[in-house]
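Everything quoted here is computed from the prediction, not taken from an experiment. Within every chain, numbering begins at 1; the chains are lettered A, B, ... in the order of the sequence lines, protein sequences first and strands thereafter.
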Amino acid sequence: MTLSVFNTMGNRKEPFVPLVPGKVGMYVCGVTVYDLCHIGHARANVAFDIIVRYLRYAGYDVTYVRNFTDIDDKIIRKANQKGIPFAEVTKKYIDAFYEDFDRLGLLRPDVEPRATEHIPGIVALVARLVRGGKAYEVGGDVYYSVKGFPGYGKLSGKNVEDLRAGARVDVDERKNDPLDFALWKASKPGEPAWESPWGPGRPGWHIECSAMSMKHLGETFDIHGGGKDLVFPHHENEIAQSEAATGKPFARYWLHNGFVNINNEKMSKSLGNFFTLRDVLAQVKPEVLRFFLASSHYRSPIDYSDQSLTEAKAGLDRLYRVKEKAEACRAAGASPSPIPPGEEAAPLLSAPARFVEAMDDDFNTAAALGHLFDAIRALNRLAPGEPSAERDRAGMFLAGYELLDPLFSVLGLLRAGAKEYFQERLDFIHVGGITAEMSISDAVKVELNPRITEDEIERRIEARRAARAARQYAEADRIRKDLEAAGVLLEDGKAGTTWKYKE
RNA sequence: GGCGGCAUAGCCAAGUGGUAAGGCAGAGGACUGCAAAUCCUUUAUCCCCCGGUUCGAAUCCGGGUGCCGCCUCCA
């Protein structure tokens, strides 16, 4: 079985064959850094994070490029509102991006180009288009001429005549054609500007991605990804300008993730119905969000709600309980020992193959997770009551866990220690929304109502142990209830009592 | 108006021709002093509706209905 991917170009699933065997060049449209990221950004980034992880797991040498668009109208507007330089705006939100996404456990791309650092390349590309008669200059602006590119619309399935008919009335009269778009924009006084053959100005949207992807991956590369909303016009325009300039095919596979919905409606800035990533991460552990996102296919719409997150947490807790047991086995000195094959162990032993089969089918993480849960049930059957007393079972359990761990790793799950996961406190809490105006460090400082210390928990567990030994069960139950009210859950195992935060 | 997508149990969600994965929630049982966790059993005679193709369809075709997205900044 080989990997197949759904290619927006052509709207069908097709076998994935990279340009150079064993190597993959992948460009993902990053964010325009003028505001905090919301869950929609999280979905896109997690989706492609998993795709990169899987490609690497499958043996490909991946060059992963993800840009920051750090100059555009919205950034300039924000800078003007605040009366600060645009670079200060972009720095703030790039920092925020890393803070948020590092917590989500995103891999850092191999290259993270920024538009402002590629101006010479952008200017050169625009000049190449002008020279080739594919673009024209009007009063310091440069427009791409759609008419000269017969393939226009091939990605989004649009036809040029329909687009013209539907074009807005307030068409810029300086354009030859309403569909033409800006490659270079002349700057007004006071705006950020770079020198160019057409006078001082800045890049239009779209061109930076063409310039940066081609610089880092070549004129033709394997995968170009982004959110569904980028198909038109962003990616359509990228194709037009890139292919018109080089005469070569641009990206070979176009992958687009579906939206995050709220109450079945697209979450977006313009609708105002979005949650920032840090709003969400104030309420749930980052990995819970990751699990939630991985539990649907990346192209399906996914509805965000408190209930879905609660369910995701329950599922992820179950996975971490398995890791907890594996850690206990290791701590008891067990070393992995072979698992006897048989019907009982089959879901476990076949998990890697079935995981690969699911992921090979256009990165079907939902099906892959299903197989992992099958494996988990089989693995739990092997769980020793007390690892140090049942070395054989402990060894098999550990071996089973180690079989699955690399698969979880592909999904970016179970990366923390179990104790760390269960006894982790959320860094900061949601207090009526953490706004963009609030500095990140302020937000982090807002502490949950002071909780019982870990020493105190241990003390009470010891008191309860003594009460139970004396058969004073009423007292023991009272201690357990008190702790539960404080958000601490006790679990009595054969080897003693452990605790975890409930949240 | 043009183009595209979706509709599977209480909820979430796989499944694109061979007779309904998985998760959450629920029920019963084992274990436990009682819980929690874990294990076992159980929960869709059926996949929006109506036709059709087929030995056989949730899966293919035609027609409906409902919802959503893109066509404008947007992951």
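- Residue D317(A) places no side-chain atom within donor-acceptor reach of the base of C24(B), judged by atom type and a 3.5 Å distance cut-off alone.
- Comparing the same atom, P, in C60(B) and in U16(B) gives a spacing of 9 Å after rounding to whole Å.
- Per the geometry, NZ belonging to K323(A) stands 21 Å off P belonging to A37(B), to the nearest Å.
- Whole-Å rounding puts the K419(A) NZ to A37(B) P distance at 19 Å.
- Looking at the side chain of F232(A), the nearest of the listed nucleotides G33(B), A75(B), C70(B) is C70(B).
- Note on K74(A): only backbone sugar-phosphate atoms sit closer than 4.0 angstrom, heavy atoms only; bases stay farther off.
- Counting non-hydrogen atoms under 4.0 angstrom, G227(A) reaches the backbone sugars and phosphates but no base.
- Rounding to whole angstrom units, CG of residue L106(A) and P of A75(B) are separated by 15 Å.
- Of the nucleotides present, G18(B) is the one that pairs with C55(B) by Watson-Crick or G-U wobble criteria, both distances under 3.5 Å.
- Contact check on K502(A) versus E484(A) returns a salt bridge, with a Lys/Arg side-chain nitrogen under 4.0 Å from an Asp/Glu carboxylate oxygen.
- Straight-line distance between the P atoms of G15(B) and A21(B): roughly 14 Å, to the nearest whole Å.
- Within the nucleic acid shown, S300(A) comes within 4.0 Å of sugar-phosphate atoms alone, with no base atom in reach, counting heavy atoms only.
- When all heavy atoms are compared, the tightest approach of L255(A) to F48(A) is O-CZ, 3.5 Å.
- Residue A314(A) is in sugar-phosphate contact alone, with no base atom involved, counting any heavy-atom pair closer than 4.0 Å across all strands shown.
- Taking the six-membered ring for Trp and the full ring otherwise, the centers of H224(A) and Y27(A) sit less than 6.0 Å from each other.
- In this structure, F6(A) has its ring center no closer than 6.0 Å to that of Y253(A).
- Between S295(A) and C24(B), a side-chain N or O to OP1/OP2 separation shorter than 4.0 Å is absent.
- In this structure, R377(A) reaches the G23(B) phosphate: one of its side-chain N or O atoms is under 4.0 Å from OP1 or OP2.
- In this model, the phosphate group of U38(B) is approached by a side-chain N or O of R318(A) to a distance below 4.0 Å at OP1 or OP2.
- The side chain of R381(A) contributes an N or O atom lying less than 4.0 Å from OP1 or OP2 of C40(B).
- Among the heavy atoms of the strands lying under 4.0 Å from D477(A) is at least one base atom, whether or not backbone atoms are also near.
- Looking at the side chain of N257(A), the nearest of the listed nucleotides A37(B), C12(B), A75(B) is A75(B).
- Residue contacts for L490(A): at a heavy-atom cut-off of 4.0 Å it reaches a base atom on one of the strands shown.
- Remark: ring of F373(A) does not overlap the six-membered base ring of G22(B) in a stacked fashion, as centroids less than 5.5 Å apart with planes less than 30° apart are not both met.
- Across A37(B), A14(B), G22(B), the shortest atom-to-atom separation from the side chain of H297(A) is found for A14(B).
- Put simply, the residue from F101(A), Y93(A), Y98(A) that forms a ring pair (Phe, Tyr, Trp, His ring centres under 6.0 Å) with F68(A) is Y98(A).
- Here C34(B) sits opposite no nucleotide as a Watson-Crick or G-U wobble pair (both hydrogen-bonding atom distances under 3.5 Å).
- If you take atom P in A57(B) and the same atom in U65(B), they sit 26 Å apart, rounded to whole Å.
- Spacing of P atoms, G26(B) relative to A36(B), comes out at 11 Å, to the nearest Å.
- Taking atom NE2 on H371(A) and atom C1' on A13(B), their separation rounds to 13 Å, with Å as the unit.
- Nearest nucleotide to the S270(A) side chain, out of C73(B), G33(B), G15(B): C73(B).
- Mapping Y298(A) and H41(A) onto RNA chain B by nearest heavy atom places Y298(A) closer to the 5' end of the strand.
- Side-chain proximity of E265(A) to the nucleotides C68(B), G33(B), A75(B) is greatest for C68(B).
- Aromatic ring centroids of H235(A) and H206(A) lie 6.0 Å or more apart.
- Listed candidates were C11(B), C34(B), C70(B). Nearest to the side chain of Q307(A) is C11(B).
- Under the Watson-Crick or G-U wobble criterion, with both distances below 3.5 Å, C70(B) is paired with G2(B).
- Across all strands, G225(A) comes closer than 4.0 Å to no nucleic acid atom at all (heavy-atom distances).
- Between Y34(A) and T90(A), every side-chain heavy-atom pair lies at or beyond the 4.5 Å cut-off.
- Taking atom CD of E484(A) as the reference point, atom C1' of C34(B) lies 13 Å away to the nearest angstrom.
- Heavy atoms of F292(A) sit nowhere under 4.0 angstrom from any nucleic acid atom.
- Put simply, N380(A) has a side-chain N or O that comes within less than 4.0 Å of OP1 or OP2 on C39(B).
- Nearest heavy-atom pair, Y64(A) versus L107(A), reported as atom, atom and distance to 0.1 Å: CE2-O, 4.4 Å.
- The CG-P distance, from D73(A) to U72(B), rounds to 16 Å in whole Å.
- Checked against the 6.0 Å centroid threshold, Y143(A) and F181(A) do not count as a close aromatic pair.
- Interface remark: the N11(A) side chain does not form any donor-acceptor pair with the G4(B) base, using a distance-only criterion of under 3.5 Å.
- Distance CZ (R465(A)) to C1' (A35(B)): 19 Å, rounded to an integer number of Å.
- As the counterpart of A9(B), no nucleotide is assigned, since no Watson-Crick or G-U wobble pattern has both distances under 3.5 Å.
- Note on S296(A): only backbone sugar-phosphate atoms sit closer than 4.0 angstrom, heavy atoms only; bases stay farther off.
- Looking at the side chain of Y473(A), the nearest of the listed nucleotides G33(B), C73(B), A37(B) is G33(B).
- Of the side-chain N and O atoms in N159(A), none sit less than 4.0 angstrom from OP1 or OP2 of G2(B).
- With salt bridges taken as basic N to acidic carboxylate O contacts below 4.0 Å, none links K92(A) and D95(A).
- Remark: C47(B) base-pairs with no nucleotide in the shown strands. Criterion, Watson-Crick or G-U wobble with two distances under 3.5 Å.
- With A37(B), G23(B), A21(B) as the candidates, the nucleotide lying closest to the side chain of E491(A) is A37(B).
- Distance from the side chain of D492(A) is smallest to A35(B) among A35(B), G69(B), A36(B).
- Counting non-hydrogen atoms under 4.0 angstrom, V260(A) reaches a base of the nucleic acid.
- With both pairing distances under 3.5 Å, G26(B) is matched to U42(B) as a Watson-Crick or G-U wobble pair.
- Between K502(A) and A36(B), a side-chain N or O to OP1/OP2 separation shorter than 4.0 Å is absent.
- Candidate nucleotides A37(B), A21(B), A75(B) were compared by shortest atom distance to the side chain of M267(A), and A75(B) ranks first.
- Here R66(A) lies out of heavy-atom contact (under 4.0 Å) with every strand.
- Nucleotides G1(B) and U59(B) are separated by 32 Å at their C1' atoms, to the nearest Å.
- Remark: the R480(A) side chain and the A35(B) base include a donor-acceptor N/O pair separated by less than 3.5 Å.
- In this structure, L372(A) atom CG and G23(B) atom P are separated by 11 Å, rounded to whole Å.
- Among the protein residues, K266(A) comes within range of the nucleic acid bases, having at least one heavy atom under 4.0 Å from a base atom.
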